[in-house]
Trainee: 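The structure is given below, and queries will be raised subsequently.
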Number of protein chains: 2
Amino acid sequence: MSFMNFSKTTEYAFRILSYMAMDERKLYISRDIHKDLQIPFRYLRKQLTSLSKSELIHSVQGKNGGYMISKPLENISLLDIMDAVGDNSLESSCFFGFQTCALKEKCTMHTKWALVLKSIKDVLTTTSLSELKESGPHSFISNNNLLFTKN
Amino acid sequence: MSFMNFSKTTEYAFRILSYMAMDERKLYISRDIHKDLQIPFRYLRKQLTSLSKSELIHSVQGKNGGYMISKPLENISLLDIMDAVGDNSLESSCFFGFQTCALKEKCTMHTKWALVLKSIKDVLTTTSLSELKESGPHSFISNNNLLFTKN
DNA sequence: CATAAATGACACCTCGGGGTATTATTAAGC
DNA sequence: GCTTAATAATACCCCGAGGTGTCATTTATG
């Protein structure tokens with residue numbers, strides 16, 4: 001029983017992108033990303049090729065290939081990353097989960113919850129990879145020096 | 001692809017409790033709750049018996065039985081309801097989903113996200129059923145007059 | 001041009017949240 | 001005390017997010 005947190009896929013995307021933000025000109029290979037980010041290798045691979053179809057990163061095939069960020073870091077927000085993985089869970093909707101709620105104005109929770117969602121969205125919109133590069137979790141990782149314990 | 005919203009189970013619990021808040025002295029039967037709340041009947045039954053094991057509502061068995069709220073409305077917050085269904089997804093944790101993050105202070109998102117979670121938690125803690133009784137979605141439902149369209 | 005080292009494509013598996021079916025139990029009321 | 005109308009218990013099913021396995025493709029380099 002849980003939720004009200006991000007999906008694994010979204011989490012992984014956050015990890016990957018903020019990791020690659022460490023050096024925006026570097027070609028990262030999946031093996032290394034996997035090593036540092038604790039994402040199941042095959043699933044990571046799947047997600048990387050999927051992300052490569054977005055505007056955020058691109059891939060280089062063949063030997064010495066890899067993945068690189070495609071845009072200036074300050075132009076990639078956390079919300080952009082959610083978009084890239086198709087996570088649109090911040091669309092404001094009825095707090096009680098009714099598909100068509102007839103009480104948009106009258107129900108207390110409607111306005112209360114819209115405000116909450118807006119504040120979340122604000123944080124995710126205003127936080128860009130350039131900020132995470134400075135003080136994100138991955139700014140401290142050196143390739144063979146893992147700061148996060150497994151599991 | 002979604003999430004960052006409540007689980008169905010939590011949503012249903014919100015619906016059920018705010019519905020029963022309409023009349024805190026009434027014994028509600030599952031059939032009627034089902035009619036008005038668009039929750040699959042069997043699943044609703046399951047959830048009602050499960051909720052009956054919490055402090056929030058109790059059941060009366062046998063003919064003319066049903067379910068009734070157990071505590072004063074002002075003593076039941078939305079967070080209490082989440083607790084009752086075992087939804088603890090608001091425990092603050094690492095934004096990137098790392099089980100053990102070594103960077104509690106240093107990572108930008110750590111503090112940012114803790115604040116977001118706190119503001120959500122505040123809303124859910126300060127909103128009680130008494131408030132929803134006044135202006136919640138169910139305050140407008142009369143038994144045969146459904147304000148919410150199906151599906 | 002053969003090999004190695006990288007990504008791409010695609011099919012499959014697993015597990016748990018959400019949902020269903022069936023039978024048992026409780027208690028009112030004629 | 002039989003019937004009826006309610007809840008309780010239990011076992012099962014389904015589907016999609018998350019995860020795995022295998023083979024194909026691309027490209028650098030000796």
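Order of the sequence lines fixes the chain letters, A, B, ..., with proteins taken first and strands second; residue numbering starts at 1 for each chain.
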Trainee: If you pin B:Ile29 and A:Pro40 to their nearest nucleotides in DNA chain D, which one's is more 5'?
Mentor: B:Ile29
Trainee: Just checking B:Phe41: base, sugar-phosphate only, or nothing, at a heavy-atom cut-off of under 4.0 Å?
Mentor: nothing
Trainee: Please confirm whether the shortest side-chain N or O distance from B:Ser52 to OP1 or OP2 of D:dT7 is below 4.0 Å.
Mentor: no
Trainee: Please give, in whole Å, the distance from D:dT26 C1' to A:Leu48 CG?
Mentor: 17 Å
Trainee: Distance check needed: D:dA8 C1' versus B:Gln47 CD, whole Å only.
Mentor: 16 Å
Trainee: Could you pull out all residues at least two apart from A:Glu24 that satisfy side chain to side chain contact (heavy atoms under 4.5 Å, CB included)?
Mentor: A:Leu73, A:Lys133
Trainee: According to a strict under-4.0 Å criterion, is B:Tyr67 in side-chain N/O contact with OP1 or OP2 of D:dA8?
Mentor: yes
Trainee: Can you tell me which residue pairs pass the ring pair (Phe, Tyr, Trp, His ring centres under 6.0 Å) test with a partner in residues 55-87 of chain B, sequence neighbours excluded?
Mentor: none
Trainee: Could you tell me if the side chain of B:Met20 sits less than 4.5 Å from the side chain of B:Ile16, heavy atoms only?
Mentor: yes
Trainee: Please report, rounded to the nearest Å, how far the C1' atom of C:dA5 is from the CG atom of A:Asp32.
Mentor: 13 Å
Trainee: Do the side chain of B:His34 and the main chain of B:Pro40 share a donor and acceptor less than 3.5 angstrom apart?
Mentor: no
Trainee: Taking only N and O in the side chain of A:Tyr12, is any of them less than 4.0 Å away from OP1 or OP2 of D:dG19?
Mentor: yes
Trainee: If only side-chain N and O atoms count, and only distance matters, is there a donor-acceptor pair under 3.5 Å linking B:Thr9 with B:Ser7?
Mentor: no
Trainee: Ring pair (Phe, Tyr, Trp, His ring centres under 6.0 Å): which pairs involve residues 68-97 of chain A, sequence neighbours left out?
Mentor: A:Phe95-A:Trp113, A:Phe95-B:Phe6, A:Phe95-B:Phe14, A:Phe96-B:His138
Trainee: What is the separation between atom CG on A:Asp87 and atom P on D:dA17, rounded to the nearest whole Å?
Mentor: 11 Å
Trainee: Calculate the interatomic distance between B:His34 atom NE2 and C:dT20 atom C1'; express it in whole Å.
Mentor: 13 Å
Trainee: According to a strict under-4.0 Å criterion, is A:Thr9 in side-chain N/O contact with OP1 or OP2 of D:dG18?
Mentor: yes
Trainee: Without decimals, in angstroms, what is the distance between B:His58 NE2 and D:dA8 C1'?
Mentor: 16 Å
Trainee: Among residues at least two apart in sequence or on other chains, which ones pass side chain to side chain contact (heavy atoms under 4.5 Å, CB included) with A:Ser119?
Mentor: B:Ser119
Trainee: How does each nucleotide of nucleotides 22-30 of chain C score, in 5' to 3' order, for protein heavy atoms under 4.0 Å: base (B), sugar-phosphate only (S), or none (-)?
Mentor: B---BBBS-
Trainee: Whole angstrom is fine here: how far is it from CZ in A:Arg45 over to P in C:dA5?
Mentor: 15 Å
Trainee: Side-chain donor or acceptor of A:Arg31 under 3.5 Å from a matching atom on the base of C:dA6?
Mentor: no
Trainee: If the cut-off is 4.0 Å, is A:Ser30 near the phosphate of C:dA6, judged by side-chain N/O to OP1 or OP2?
Mentor: no
Trainee: Can you run down the salt bridge (Lys or Arg N to Asp or Glu O under 4.0 Å) pairs that involve residues 108-128 of chain A, sequence neighbours left out, and say none if there aren't any?
Mentor: A:Lys112-B:Glu131, A:Lys118-A:Asp122
Trainee: Any donor-acceptor pair, under 3.5 Å, between the side chain of B:Lys46 and the base of C:dG19, if you only look at N and O atoms?
Mentor: yes
Trainee: For the pair made of CD1 in B:Ile39 and P in C:dT20, what is the distance, rounded to whole Å?
Mentor: 12 Å
Trainee: OP1, OP2 of C:dT14 versus side-chain N and O of A:Tyr43: anything below 4.0 Å?
Mentor: no
